[in-house]
Protein chains: 2
Amino acid sequence: MEQPKANRREVQKAETRILILESARKLFKTQDYDTVTIRGVAALARIGLGTIYKHFPNKLSLLAAAFSDDLKKLYQDAMATVPDNQSFQTQFIHISKRFFTFYTTHYSLSRAYLSHMFFYEQEWLDEINDFDDSYAQKMAELILAAQDRGEINPEKDCHILALALMSNYFFVLANCFLRGKMTDPDKLAALLETLVEQTLL
Amino acid sequence: MEQPKANRREVQKAETRILILESARKLFKTQDYDTVTIRGVAALARIGLGTIYKHFPNKLSLLAAAFSDDLKKLYQDAMATVPDNQSFQTQFIHISKRFFTFYTTHYSLSRAYLSHMFFYEQEWLDEINDFDDSYAQKMAELILAAQDRGEINPEKDCHILALALMSNYFFVLANCFLRGKMTDPDKLAALLETLVEQTLL
DNA sequence: TTTATTCAGAGAACATGTTCACTTAATAAA
DNA sequence: TTTATTAAGTGAACATGTTCTCTGAATAAA
């Protein structure tokens, strides 16, 4: 059964949504989260203030939507460039460093995105958790391969190990915001590497 | 040099501050963070709305101040009740579980407190980081004792290991808010124990 | 003691996220 | 084709965090 062709209303609504997202991305990328106002986004998009709320339930969701394509792309990019012929630790640090670079490059935006994570609408929470699960699964696969190579103790559960490594990663990322704006991805990666060595031994 | 006796102004200001904190604690404990309004706190304390801002720079700081004594007490309590004649793992889980119990008992408040952590005024950030450092130091001591007992590999750096375990703890705590309101401290403790085993092996 | 200064407190004013009542173009029904 | 319904868009209204101007009690200075 062919999906019905979008009617004019649906087309226009989608166009308005794109306008909003483009304007939001522009403002969120160049200003602090708190400085960006819904009024500002509406003005830049040349739409009514209330229209934003026809598309997004709140400012946070707008931020998440504006950000989510970047993150998906980043994830795919990081995974596509994982070096095959290196140790798991090198692989893991490579992936993590890609994220550190993104987050530190967009400091204010990332701070807002990450810190409000607990308050996202369920829809976004589901998406974030799916992403985390997918990431953990990918890590588990890389760990399994490393175990087959005899690089990591095969008695360790690769899924649990993946979660432990993820927690190391999030801890380091959190410290980026908690401790004097640590904005060098290399330093973050180095700290993570220190933690990871303890976990992998 | 004896500190000068507080004049009437300082005494009254301190009294007002206590009134504010008591009212804030009452409201934050019984309502969602977002439901508690500065106007509500002011009304309960029977003071002017602007007065709150003479004492606290913003709502978040008010929350942190209202909460901080509880957390300090909790920390001291947890440390005072660490079982001496048990394995490090048991000790670590005991401490963590005390925190899990507190956070899950005050779910909404904790969610707000933890999620806004990246946005605290520097004063509070310093306090939080001091607390974390102190906690990490204490963990390192417990680890060192366990290494002396031959319980943990003595080749591992106890300070790095403490940080790795802390990251496990924070990861589990974060998942409390991200994944369908996991509100059973026993379950959180069990998940943490799974992760810790990987890190300690 | 009187006068001048300071600052804690008050509440009006402001800024911004959000809601809501209204409008009208688009779509469906008759 | 005409009429009825729907929903995207609008901006006024509202709620709440915060700022700001003013007041007067407390303190310092003369």
Side-chain angles (χ1 to χ4, degrees), chain A residues 3-24 27-28 31-66 108-109 112-113 115-116 119-121 124, chain B residues 3-24 27-28 31-66 108-109 112-113 115-116 119-121 124:
Chain A
Q3 188 85 325
K5 188 173 187 269
N7 59 33
R8 182 150 184 71
R9 260 197 181 156
E10 288 167 4
V11 170
Q12 285 187 333
K13 182 164 187 178
E15 286 172 356
T16 304
R17 182 184 167 93
I18 288 168
L19 262 193
I20 296 173
L21 282 174
E22 285 175 346
S23 301
L27 294 180
F28 281 133
Q31 298 176 18
D32 275 6
Y33 176 76
D34 286 336
T35 306
V36 177
T37 63
I38 299 287
R39 284 169 174 81
V41 174
L44 188 58
R46 294 167 179 263
I47 59 170
L49 175 56
T51 304
I52 308 258
Y53 294 93
K54 285 287 183 185
H55 294 261
F56 303 98
N58 51 47
K59 187 180 178 184
L60 249 185
S61 298
L62 178 57
L63 172 70
S108 172
L109 183 153
Y113 179 80
S115 72
H116 289 87
F119 288 93
Y120 280 118
E121 296 282 325
W124 290 106
Chain B
Q3 188 85 323
K5 189 172 184 270
N7 61 32
R8 181 149 183 72
R9 260 201 178 149
E10 287 167 3
V11 171
Q12 285 187 331
K13 182 164 184 175
E15 285 173 354
T16 304
R17 181 184 169 92
I18 288 166
L19 262 194
I20 295 173
L21 282 174
E22 285 174 347
S23 302
L27 294 180
F28 281 133
Q31 298 175 20
D32 275 7
Y33 176 75
D34 286 335
T35 306
V36 178
T37 63
I38 300 288
R39 283 169 174 81
V41 174
L44 188 59
R46 293 167 179 267
I47 58 170
L49 175 58
T51 304
I52 307 257
Y53 293 92
K54 286 285 182 187
H55 294 259
F56 303 98
N58 51 48
K59 188 179 176 185
L60 249 185
S61 299
L62 179 56
L63 172 70
S108 171
L109 183 154
Y113 180 81
S115 73
H116 288 86
F119 287 92
Y120 280 118
E121 297 281 325
W124 288 107

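Within every chain, numbering begins at 1; the chains are lettered A, B, ... in the order of the sequence lines, protein sequences first and strands thereafter.
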Checklist outcome for this item: 5'-most contact on DNA chain C (nearest-nucleotide basis), B/A14 vs B/R9, goes to B/R9

Item to check | Between P of D/dT19 and NE2 of B/H55, the distance in whole Å | outcome: 15 Å

Item to check | Side-chain N,O (A/T16) to OP1/OP2 (D/dG9) below 4.0 Å | outcome: yes

Next on the checklist: Please report the distance, rounded to the nearest Å, between CD in A/E10 and C1' in D/dT6.
Outcome noted: 13 Å

Checklist outcome for this item: Here the distance between atom C1' of D/dT19 and atom CG of A/D34, to the nearest Å, is 16 Å

Checklist entry - A/R39 has a side chain; which of D/dG17, C/dC7, C/dT18 sits nearest to it? => result C/dT18

Checklist entry - C/dG9, D/dG17, C/dG17: which one has an atom nearest the side-chain heavy atoms of A/T37? => result C/dG17

Checklist entry - Taking for each residue the nucleotide of DNA chain D with the nearest heavy atom, is it B/G50 or B/Q12 whose nucleotide lies nearer the 5' end? => result B/G50

Checklist entry - What integer distance in Å separates B/F56:CZ from D/dT16:P? => result 21 Å

Next on the checklist: Any side-chain N or O of B/T51 below 4.0 angstrom from OP1/OP2 of C/dA8?
Outcome noted: no

Item to check | Position toward the 5' end of DNA chain D (nearest nucleotide), B/P57 or B/R8 | outcome: B/P57

Checklist outcome for this item: Rounding to 0.5 Å, atoms OG (B/S61) and CD1 (B/I52) come to a distance of 12.5 Å

Checklist entry - Below 4.5 Å, heavy atoms only, C-beta onward: do B/F56 and B/I38 meet side chain to side chain? => result no

Item to check | Separation of atom NZ in B/K59 from atom P in C/dT16, rounded to whole Å | outcome: 18 Å

Checklist entry - Would you say the side chain of A/V41 lies within less than 4.5 Å of the side chain of A/L49, judging by non-hydrogen atoms? => result no

Item to check | Minimum-distance nucleotide to A/K54 side chain [options: C/dT6, D/dT10, C/dA10] | outcome: D/dT10

Next on the checklist: Within the 4.5 Å heavy-atom criterion, are B/K54 and B/R17 side-chain neighbours or not?
Outcome noted: no

Next on the checklist: Expressed as a whole number of angstroms, how long is the span from B/N58:CG to C/dT16:P?
Outcome noted: 16 Å

Checklist entry - Contact class for B/V41 vs. all strands (heavy atom < 4.0 Å): base, sugar-phosphate, or nothing? => result nothing

Checklist entry - Roughly, in whole Å, what's the span from CD1 in A/I38 to P in D/dT10? => result 15 Å

Checklist entry - NA contact type, A/I52, heavy-atom cut-off 4.0 Å: base, sugar-phosphate, or nothing? => result nothing

Checklist entry - Any side-chain heavy atom of B/L19 within less than 4.5 Å of one from B/E15? => result no

Item to check | Rounded interatomic separation in angstrom, taking CG from B/L49 and C1' from D/dC20 | outcome: 12 Å

